[in-house]
Amino acid sequence: MADSRQNPRTPLSPYRRPRRLRTTPALRALTAETRLHPSDFILPMFFADGISEPREISSMPGVYQHTLDSLKAAVAEAREAGVLCVDLFGVPLAEDKDATGSVGWAEDGVLNRAVAALREEFGDDVIVMADTCLDEFTDHGHCGVVAEDRFGRLMVDNDATLELYQKMAVSQAAAGAHVVSPSGMMDGQVRAIREALDDAGYADVAIMAYSAKYASAFFGPFREAVGSSLKGDRRTYQQDPANLKESLLETQLDIDEGADFVMVKPALPYLDVLAAVAEMSPVPVAAYQVSGEYAMIEAASRNGWVDRDRVMMESLTSIKRAGAEQILSYYAVSAARLLNSGEY
Ligand code: PBG
């Protein structure tokens, strides 16, 4: 057989004209290598205790802390647009916060009430995922129990926190969550949660593991969204933005411990990490376009500096191109609607 590199009709040929396939919208659509679909998206949502009207988050225009009624209505709209999964975060009353975040696993706690209400309303038509982390519920705002270590340093105590995550995941499964989503970056959290779920009879509940989660300033607006009490940062448990190899270790551990999905977060500043994780992961890989990514696009487009819809779709397409199979995004419904309109 002739060596194909000698053939003038191969891609290496100087006669090859890539622009031919860009000539018309139909040709471009026919040859697109990456396509978004409404079912790619997971919509993160906030349910707040003690409010009678939905409250817009000022650093995330268009995103709300919901009442039960507005939450149900927004989930119905998401489903209508073809978004199949929502990820719930709870915003408790300030006076319900304590050192261990106990309202986080209380049966009548804000998050479990939202999970139960959505399961009751939507059954299996919407996948209900719950955030399994304590930072919204602790009075210090950290993702677990804070204790002095043997040198007197204040740290989040890994193993004491795992026990609380186990209680929380089991309470979320009992409330009806299809998926629990540990986001606290404690070592061994996936194994601990898997064991607790299985022991409690919830072998059917899946785990979406925040595997490669960075100590990122892009989470800024989220702290407003959940009324976080955090002072300081999470650098002793979330990853250093300088590191890539470490994400492969984190991901491998989560897979070994039983993660059903792994996740990279944030998304756009970490597309190299996402591509590397997608390359090695035998389980579905999600990416989270976080609050700060959303806020930047909204701020620039509200100033007339970028075209919102195009930047939104370009960033989501890039996240999928890099290897994400599921995308958590505050744009889930807007993007799904645009896709349904046939414009993208
Ligand atoms: C922690 C958690 C955070 C986010 C999701 N889960 C905040 C943090 O780790 O500080 C951030 C999401 C976003 O910024 O959109 N429970």
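Whatever order the structure lists ligands and atoms in, that order sets their numbers, starting from 1. Note that these values count all heavy atoms, side chains included, but never hydrogens, waters or copies made by symmetry. Since the model is a prediction, treat every value here as computed from it, not as a measurement.
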Are there over 12 heavy-atom neighbours, none belonging to E80, within less than 6.0 Å of that residue's CD?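 Counting neighbours around CD of E80, 12 or fewer heavy atoms of other residues, nucleotides or ligands fall under 6.0 Å, so no.
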Look at ligand 1 and say whether [X] reaches it with a heavy atom at a distance under 4.0 Å.
{"X": "E293", "result": "no"}
{"X": "K213", "result": "yes"}
{"X": "Y294", "result": "no"}

Output yes when R113 and D108 qualify as a salt bridge under the 4.0 Å nitrogen-oxygen rule, no when they do not.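 Looking at R113 and D108, the cut-off is not met.
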Taking the side chain as C-beta and beyond, is there a heavy-atom pair between M280 and T251 under 4.5 Å?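 The answer is yes; the side chains approach within 4.5 Å.
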Between Y330 and Y288, what is the ring plane arrangement, given parallel below 30°, perpendicular above 60°, and tilted in between?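 Judged by the thresholds at 30° and 60°, the geometry between Y330 and Y288 is tilted.
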Identify which one of E56, E224, R55 satisfies the side chain to side chain donor-acceptor pair (under 3.5 Å) criterion when paired with Q65.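 Single pass found, and it is R55.
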Atoms in ligand 1 with a heavy atom of [X] nearer than 4.0 Å:
{"X": "F89", "answer": "5 (C), 6 (N)"}
{"X": "Y288", "answer": "12 (C), 15 (O)"}
{"X": "C133", "answer": "16 (N)"}
{"X": "Y330", "answer": "12 (C), 13 (C), 15 (O)"}
{"X": "D131", "answer": "16 (N)"}

Give me the nearest non-hydrogen protein atom to [atom] as residue plus atom name, then the distance to 0.1 Å.
{"atom": "atom 8 (C) of ligand 1", "answer": "R234 NE, 3.4 Å"}
{"atom": "atom 16 (N) of ligand 1", "answer": "D135 OD1, 2.7 Å"}
{"atom": "atom 14 (O) of ligand 1", "answer": "S291 OG, 2.7 Å"}
{"atom": "atom 3 (C) of ligand 1", "answer": "F222 CE2, 3.3 Å"}
{"atom": "atom 10 (O) of ligand 1", "answer": "R223 NH2, 2.6 Å"}

Just go through E136, K265, M60 and tell me whose heavy atom is the nearest to atom 11 (C) of ligand 1.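 Minimum heavy-atom distance to atom 11 (C) of ligand 1 goes to K265.
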Nearest heavy-atom neighbours spanning C133 and G184: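 Heavy atoms of C133 and G184 come nearest at SG-CA, 3.7 Å.
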Below the 3.5 angstrom mark, is there an N/O of Y210, backbone or side chain, next to an N/O of ligand 1?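 Among all N and O atoms of Y210, none is under 3.5 Å from an N or O of ligand 1.
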How far does OG1 of T161 sit from CG of D187, to the nearest 0.5 angstrom?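 That separation rounds to 11.0 Å.
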Ligand 1 versus L230: contacting region, heavy-atom distance under 4.0 Å: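 Answer for L230: neither.
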Is a donor from one side chain sitting under 3.5 angstrom from an acceptor on the other, for [X] and [Y]?
{"X": "S70", "Y": "T67", "value": "yes"}
{"X": "K97", "Y": "T138", "value": "no"}
{"X": "S183", "Y": "D131", "value": "yes"}

